[in-house]
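I have placed the structure first, in the form of structure tokens, so that the comments after it can refer back to it.
FYI, the numbering just counts along the sequence from 1. What you see below is based on every heavy atom in this structure, not just the backbone, and it leaves out hydrogens, waters and symmetry mates.
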Amino acid sequence: MNNKLNRTKAASVNAVTMLITQLVGLFLKFGVQTALIHELAQDFVGLNGLFANIVSLLNFADLGIGTAITVALYKPIAENDIDKLRALIGLYKKAYAGIIVLITTLGVLTAPFIHLFIKNTNFSEMEILWWFLLYLCSTVATYFSAHKRSFLMAVQRGYLNSLNDFLFKGAQQVLQIVILVFFHSYLWFLVVQAGMAVISNFQLSRMAGRRYPEVFEHQSHHLSLKIDHRTQTSIRKNVVGAISSKIGEIVVFGTDNILLSMFSGLVAVAKYSNYMLIVQSISSLFSQVLASLVGSIGNLHVTTSVSRQKVVLYRVIYLNALINLFVSVGLAFAFHSFINIWAGHNYLLSTTVTIGIVVNYSINQSRFGIQNFISGMGLYWSLRWKSVIEAIVNLVLSLTFIGAAHMGVLGVVAGTLGSNLMINLLWEPYIVFHDGFHESMGNYIVRYLIYEVPIIFVIIGLVMFAANFELGLAELIMSAIIVECAALFLFFALTFRTKEFNYFWRLVVGYLKK
């Protein structure tokens, strides 16, 4: 393959493309949710959130196979080893054929029992069953081109996937808004979602095949190519680590709406889903921008020294801290007034719950830099016990808080926050520094606390302050701009002497001079 980009340029192109497409997609996503809120009953909003959680549970069928093989692609891509790439892609494609069968079977078997997860619903069992199967179709469709999508990410062409996804997802969301506003049909809402997912993945598959024919054409002829023992061992270990990581992710983020639906009903799910839509949309926006660096980190790991990798890590952590502060301040200040304007007073959650949601966001955002290095360095084997223990702690805490203590939405928020604080904050950086760099993580911990502790105090203060006001949209925008500018000024004032600030400052100045 002679189609190579400079590592820094590739990361920049991927990040900028993802940022722009995700920003536009974010507005369309809110348009869809707004139409759901105002054109259908509150229970439909809750049901849609419940379906999303159940499908995320079924996604454990992925088992981390794709992620593990993607890590294995970095070296043959760097060495232009086409035969090895064909063998790995062939293995990947074969694995996903099995995954498609497995997730479809599990979904069909689960569908007749979805109504059991809902407390006091007016929907019939057959309505819930068919709606869920349609929802499932849009997820299954993404697996048909999964091997090509991951190859594009590994070869640092993730922006192609972003553009393709943006085009078809945007068309889907516009059609869904039209259907909700003019026809008020949840059924056709789901039909459009499934249909566009199929078309989008078909187009991505064609595009990748045309750009990299030497890898994808006549793929069936290369399934018999042998993968060396060392690579097989590495893939096996990363698969096991990624499996446990997947399980942990599913339990932590995929059970909240299910627990709320069972113990509190769909109205509670609807309220929580609106807050989490905002948090997860923003989180997804920036996580995908940062995830676009994973291919470059993988290349960095196999081509440079540990000292160079640490320099890049601290730059990524600095950039992530800046994003974290910016978003956390905006959420903390604007949540109360924005939900009131957007969805209405009936969708508001308490101040305590809002603080918990924003602090959870901030802590999860603070982990992205380290998580990207775990991915890029292929350290999934080291994650195998961390994620399982995290899942157990989260589930026990959430069940205790929401089931035994009857804390409602606050219970699931407290469960996630507890597992984050008890398990993730030390274990993940330990993996990178101990298993990746083979040294102490003391400097990282100091840096992390310097960044994160002030952010948490700012969140608590701003949420409590903002709860006393119900601002109009224009007032909210102007006030938020002032608050954000003050927060960013303070951040730069405290960090302008650091190497990371100077690096990004030179980068920005150099770009503006072009």
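Of the N and O atoms on the side chains of N502 and R497, not one donor lies less than 3.5 Å from an acceptor on the other residue. Counted by atom type alone, S307 and S305 present one or more donor-acceptor pairs between their side chains at under 3.5 Å. Side-chain contact check for N420 and N364: at least one donor-acceptor pair (N or O, by modelled atom type) lies under 3.5 Å. When only modelled atom types and interatomic distance are considered, N346 and K271 share no side-chain donor-acceptor pair under 3.5 Å. For the residue pair Y451 / S366, no side-chain donor-acceptor distance below 3.5 Å is found, with atom types taken as modelled.
No side-chain donor-acceptor contact under 3.5 Å links Q33 to the backbone of L277. Judged by distance alone, with hydrogens and angles left aside, the side-chain atoms of N257 form a donor-acceptor pair with the main-chain N or O of G49 at under 3.5 Å. Proximity of a side-chain donor or acceptor of R149 to a complementary backbone N or O of T142 within less than 3.5 Å is detected. Without hydrogens or angle criteria, N468 side chain to M464 main chain gives a donor-acceptor distance under 3.5 Å. Judged purely by atom type and a 3.5 angstrom limit, H438 uses its side chain to pair as donor or acceptor with the backbone of H434. The closest donor-acceptor contact from the side chain of S200 to the backbone of M196 lies at 3.5 Å or more, if one exists at all. Between the side chain of T498 and the backbone N or O of T495, at least one donor-acceptor pair lies under 3.5 Å. The backbone N or O of S419 lies less than 3.5 Å from no partner atom in the side chain of N394, so there is not a single donor-acceptor pair.
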Show your working on side-chain hydrogen bond (donor to acceptor under 3.5 Å, both in side chains) between Y92 and S150 and close with a plain yes or no. CA-CA 10 Å; Y92 196 1; S150 292; 2.7 Å; yes
Let me see the working for W342 and F30 under ring pair (Phe, Tyr, Trp, His ring centres under 6.0 Å), right down to the final yes or no. CA-CA 10 Å; W342 172 52; F30 271 95; 5.3 Å; yes
Ring pair (Phe, Tyr, Trp, His ring centres under 6.0 Å), that's the test. Do F433 and F437 meet it? Break it down for me. CA-CA 5 Å; F433 281 86; F437 298 152; 5.4 Å; yes
N161 vs K148, test: side-chain hydrogen bond (donor to acceptor under 3.5 Å, both in side chains). Steps then yes/no. CA-CA 9 Å; N161 175 59; K148 294 183 178 180; over 6 Å; no
What do the steps show when you test I363 against V359 for side-chain contact (heavy atoms from CB on, under 4.5 Å), and what is the final call? CA-CA 6 Å; I363 291 176; V359 169; 3.9 Å; yes
Step by step, would you call F491 with Y318 a ring pair (Phe, Tyr, Trp, His ring centres under 6.0 Å)? CA-CA 11 Å; F491 180 82; Y318 180 88; 5.3 Å; yes
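The side chain to side chain contact (heavy atoms under 4.5 Å, CB included) test with I370 singles out one residue from V316, V432, N320, and that residue is V432. I357 pairs with exactly one of L410, V413, V412 by the side chain to side chain contact (heavy atoms under 4.5 Å, CB included) rule, that one being V413.
In this structure, the side chains of L426 and I445 come closer than 4.5 Å at one or more pairs of heavy atoms.
Residue pairs meeting the side-chain hydrogen bond (donor to acceptor under 3.5 Å, both in side chains) criterion with at least one partner in residues 324-336, sequence neighbours excluded, are N324-S328, N324-S362, N324-E452.
Summarising the geometry, atom CD1 belonging to I282 is positioned 12.0 Å from atom CD1 belonging to I323; distances are rounded to the nearest 0.5 Å.
In this structure, R447 forms a cation-pi arrangement with Y314, its terminal cationic atom sitting closer than 6.0 Å to the ring centre and no more than 45° off the ring axis.
No salt bridge links E79 with K84; every basic N to acidic carboxylate O contact stays at or beyond 4.0 Å.
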